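Computed from a predicted structure; not experimentally measured. Side chains included, hydrogens not; waters and symmetry mates left out as well; all remaining heavy atoms used.
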Amino acid sequence: MGIGASIFLIALGAIFAFAVDADLGWLNLNVVGWVLMLAGVAGLLTTLYFWNSRRRVVAAPVREQVVAEPATPVRDDRVVREEYREVRRPGSGYPA
């Protein structure tokens, strides 16, 4: 349940508990109002608890540098070709 739904239940329960004066015989609207208000308060407290228990880590963005290290394969003491290999750490945030 969210904050909006909780406030709605509290308001609806308060209307039933304090503003409506109807006699349905088999249903007491005052009790229904109090139950709705308690459900709204419980939902509001639960929502606020889960919002505050989330981790909120705010750190400066870390820029990683792409390192190009030369890798030269050697065959019979001569360079076959020269190639470069990029080494990136996983999860660096840069597109592959």
Asker: Please determine whether residues Val31 and Val20 belong to a single hydrophobic cluster, defined as Ile, Leu, Val, Met, Phe, Trp and Tyr linked transitively by side-chain heavy-atom distances below 4.5 Å.
Answerer: no
Asker: Nearest heavy-atom pair of Met37 and Ala14: which atoms, and what distance?
Answerer: CG-N, 3.5 Å
Asker: Is there a path of hydrophobic side-chain contacts, each under 4.5 Å between heavy atoms of I, L, V, M, F, W or Y residues, that connects Val35 with Phe16?
Answerer: no
Asker: Residues in ring pair (Phe, Tyr, Trp, His ring centres under 6.0 Å) with Phe18, at least two apart?
Answerer: Trp34
Asker: Working to the nearest 0.5 Å, report the span between CG of Leu29 and CG of Leu36.
Answerer: 10.0 Å
Asker: For residues 2-11, dump all side-chain donor-acceptor pairs below 3.5 Å to protein atoms at least two apart in sequence or in another chain.
Answerer:
unit_1 : atom_1 : unit_2 : atom_2 : d
Ser6   : OG     : Gly2   : O      : 2.9
Ser6   : OG     : Leu44  : N      : 3.1

